[in-house]
Amino acid sequence: MSSQTPALRLEGIVKTFPGVRALDNVSFDVMPGEVHALMGENGAGKSTLMKVLGGIYQPDEGRIVVNEQPVVMTSPLQAKSKGIMFIHQELSLAEELSVAENIYLGELPKKSFGRVDWQQLYSETNEILGRLKVGFDAKTKVGDLSIANQQMVEIARALTVEAKAVIFDEPTASLTDAEKVVLFDVIGDLKTHGVGIIYISHRMEEIFRITDRISVLRDGQYRGTLETPETDEEEVTQLMIGRKLDLSRNVSHHELGGVALEVRGLECGKLFHNVSFSVCRGEVVGFYGLVGAGRTEIAETLFGLRDPTAGQILLDGKETAIHSPADAIEKGISLVPEDRKGQGLVLGMNCRDNMTLPQVNDLKAGPFVAEGAEISIFDQYRDRLDIRTPGWKQLVGNLSGGNQQKIVIGKWLSMHPNILIVDEPTRGIDVGSKSEIHNLIRELASQGYAVIVISSEMPEVLHVSDRIIAMFNGEIIRTFTSDEVTEDNLIQAISGITPEKVA
Amino acid sequence: MRPFNLSGIGGFIAKQGILVAFALFILGFTIANERFLAPDNIMGVVRSSAILGVMALGVTFVVISGNLDLSVGSMMSFATIVVLDLHDKIGPALAIPSMYAMVLCLGAFIGFLVGYLKLNSLIVTLGMLSAIHGLTLTYSGGKNMDIADKEGTWFSMFGQSDALGIPIPILLFALVASVLGIVLAKTPFGRKVYAVGGNGTAATFSGIQRARVVFTCYLMSAFCVGTAGLIQASRSLGSQNTVGQGLELEVLAAVILGGASLLGGSGTIFKTVIGVLILGFIQNGLLLVGLQFYVQYVVTWIIIILAVWLDVAAKRGKLWSPIA
């Protein structure tokens, strides 16, 4: 491989923003026919590097070399003309247009008088879709496709040109296992055609399954490149976060207090039905299941965002009705929502104001907000949760994902709830912050909080929970203690396979 | 087109765009006509801006909460006509609170539609613009409204008198601006307005009653419109049915010039006051240099588009970019 020339090379890239050196002399290359993983925590500089490559940012120093030709990238379109294709995690498709129109957007084949050559468009598109083995055709409207299939359309775009390098940014975030297999086949196919592939992902198993080399960024600096077959997760993680990571099964159990929350036969339309469970003080109960199993909807019902159609909710043994989030907060329930940016934070507001938002009515000095009290709350939780920010005046939108999530957690801890519900607490967060948040959840339980953790990541549920409730299609299939649970029986439960009755 | 970066002097100008443009205008107008910076001219501009200014204060709340209010112009006509009519019928002391009550009812109606029924504020207030105009004409029968005894009423004090050498309209503007400025910046309600406009869903998830906040913003806007109508009526003691026509756009312009985002979540009362003054001085300057009154409409909008462009450019660091 060393005798070849790289398909794409970045040399000594430096990019600074006011007050931040986002990229500090980063060099990176990808060979033709190689899958090169780019890893790093959130805020390590991966996206900035890709934006430099796509011409969205201009580097302060350094250069980009394609096939040994230095180029200046000015826009994603120009990058495309040089054979550099991006496949983004966040979809950028026109939902009202057909699959074919989306794939060839901006370069539809034309006939005389500028008319679109539909025949050619559909036949070319169907050929590409055939390579991807998808179950829809060129004329399907993109808005009618599932998210996973929309992702496949995004990928199909990259196959329309003679790509020299393709950048996959977290491509599997919304794919099912079967679709992942197809994606990996496509990547393998691109490899054999001599295309260089940059693969950005947080998921170690994928990295080790498909990549040839792994390069790691930390704090905007290049930390090294490893040959995938010669390394392991631990080494990569250490390179990324500079220390070791603990992701074992939870074994410690705290002294349980009384039952803080009990739910009997709760039902909400078609979303979930016949849901009964209880959570004690000092206990972490994990909810595990596929997307759409009804876990988030249960949390939203407990938080007063949805009205249950049947069933009872008991807090400390007393039956209650929860009408609104304000009501839930009043009764000592807090929810760290699933969508951090959409539901958890006001991104244009500063850190302090976000953190004290639910209690702004109570923090008063006369008719005014008591800013001193707010700042001391912020300082307290910044220290406790190790939130890294220049100060409370910083806008939350400028923080990294992990620190944003800690602001949301701090916001709800400062309300001193009895019951804390956390929905996907570490989604899109780097490994370092992840384990800090896991430790925090365990610690909160030890202090007597009743904690509900909803997660789609099995290692996470296993790591933090005392008991695990497996859900499928709006129903609780089985409740496991942490001694009974195995990866196999958990997967069976969430796929709707009822456990064999033990005689 | 290649995106060009804003750094150094260019970046500074873009970031302070509105103030820099304002300074250039002042400089130009002063050279063209030395009367521009004379104290009596300045006082005159502030005074004539007061009506627009008071309305802009209320609209600032609405805009920060993430909504629009295009009904303020015709609501101001309504307030003016009503208070003038009632002045002769039940006397000024009762006419003023009655007018406020009616205007607040209109505000509550809009607030109900936008806040509780969650209808689009552009559509609702655009509809109200025309509906309230119709209401005013129905009320007045289409006739101009005049006070019978223009000399002998104390009602003229709100628009015509001075206190401590300062015209009352300016004092009213300053008073409302100070109170609302403090409400927005310092109280829990103000904080909630920013939260609802910045991210309504996150505000709901934080236990904030979004509908109530939006409703209150429209009530405040209506109160400001009532005050503006009071000043207008008191100043002229007689009025046409269309006295506030078109003001909704100027009000919105002042709020945007001040730097509030139409998407909600940002802006301050102080900035709106600056926006109002900039608009007032530019319009005055154009008159002083001898341009036709009608040209103002065009120039005003060029300035606003320029201001919005520079504001957006400063946020993304480029004057032009292929992505938003």
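Within every chain, numbering begins at 1; the chains are lettered A, B, ... in the order of the sequence lines, protein sequences first and strands thereafter.
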Legend entry - Heavy-atom pair with the smallest gap, counting every atom of V346(A) and Y194(B): CG1-O, 4.5 Å
Inset, instruction - Starting from the C-alpha separation in whole Å, work towards a yes-or-no answer on side chain to side chain contact (heavy atoms under 4.5 Å, CB included) for I182(B) and F368(A). - result: CA-CA 9 Å; I182(B) 290 170; F368(A) 305 126; 3.2 Å; yes
Inset, instruction - Could you check which of A195(B), G200(B), G265(B) has the highest count of heavy-atom pairs closer than 4.5 Å to chain A? - result: A195(B)
Legend entry - Residue, of G197(B), A203(B), A202(B), that accumulates the most heavy atom pairs under 4.5 Å with chain A: A202(B)
Legend entry - Residue, of D339(A), L335(A), L345(A), D327(A), that accumulates the most heavy atom pairs under 4.5 Å with chain B: L345(A)
Inset, instruction - Please round to the nearest 0.5 Å and tell me the distance separating atom CZ of R191(B) and atom CG of D353(A). - result: 3.5 Å
Inset, instruction - Look at atom CZ of F270(B) and say whether more than 12 heavy atoms of other residues, nucleotides or ligands are closer to it than 6.0 Å. - result: no
Inset, instruction - Answer yes or no: are there more than 12 heavy-atom neighbours, outside R212(B) itself, under 6.0 Å from its atom CZ? - result: no
Legend entry - Smallest separation among heavy atoms of E300(A) and F205(B), with atom names: OE2-CZ, 4.3 Å
Legend entry - Residues of residues 406-425 of chain A with any heavy atom under 4.5 Å of a heavy atom in chain B: K411(A), W412(A)
Legend entry - Heavy-atom pair with the smallest gap, counting every atom of T187(B) and V369(A): C-CG2, 3.3 Å
Legend entry - Spacing of CE belonging to M355(A) relative to OG belonging to S206(B), to within rounding of 0.5 Å: 12.0 Å
Inset, instruction - Among A328(A), P325(A), G304(A), single out the residue with the greatest number of heavy-atom pairs under 4.5 Å to chain B. - result: P325(A)
Legend entry - Stepwise side chain to side chain contact (heavy atoms under 4.5 Å, CB included) test for N361(A) and F189(B): CA-CA 8 Å; N361(A) 269 342; F189(B) 173 73; over 6 Å; no
Inset, instruction - Examine whether an atom of T356(A) lies under 4.5 Å from a heavy atom of chain B, and if so say whether it belongs to the side chain, the backbone or both; otherwise answer neither. - result: side chain
Legend entry - N199(B)/K341(A) under side chain to side chain donor-acceptor pair (under 3.5 Å): CA gap, chis, key distance, verdict: CA-CA 9 Å; N199(B) 184 347; K341(A) 291 180 179 174; over 6 Å; no
Inset, instruction - Let me know if I329(A) has heavy atoms under 4.5 Å from chain B in its side chain, its backbone, both or neither. - result: side chain
Legend entry - Heavy-atom contact with chain B under 4.5 Å, split by part of E330(A): neither
Inset, instruction - Could you check which of P188(B), G198(B), A185(B), G207(B) has the highest count of heavy-atom pairs closer than 4.5 Å to chain A? - result: P188(B)
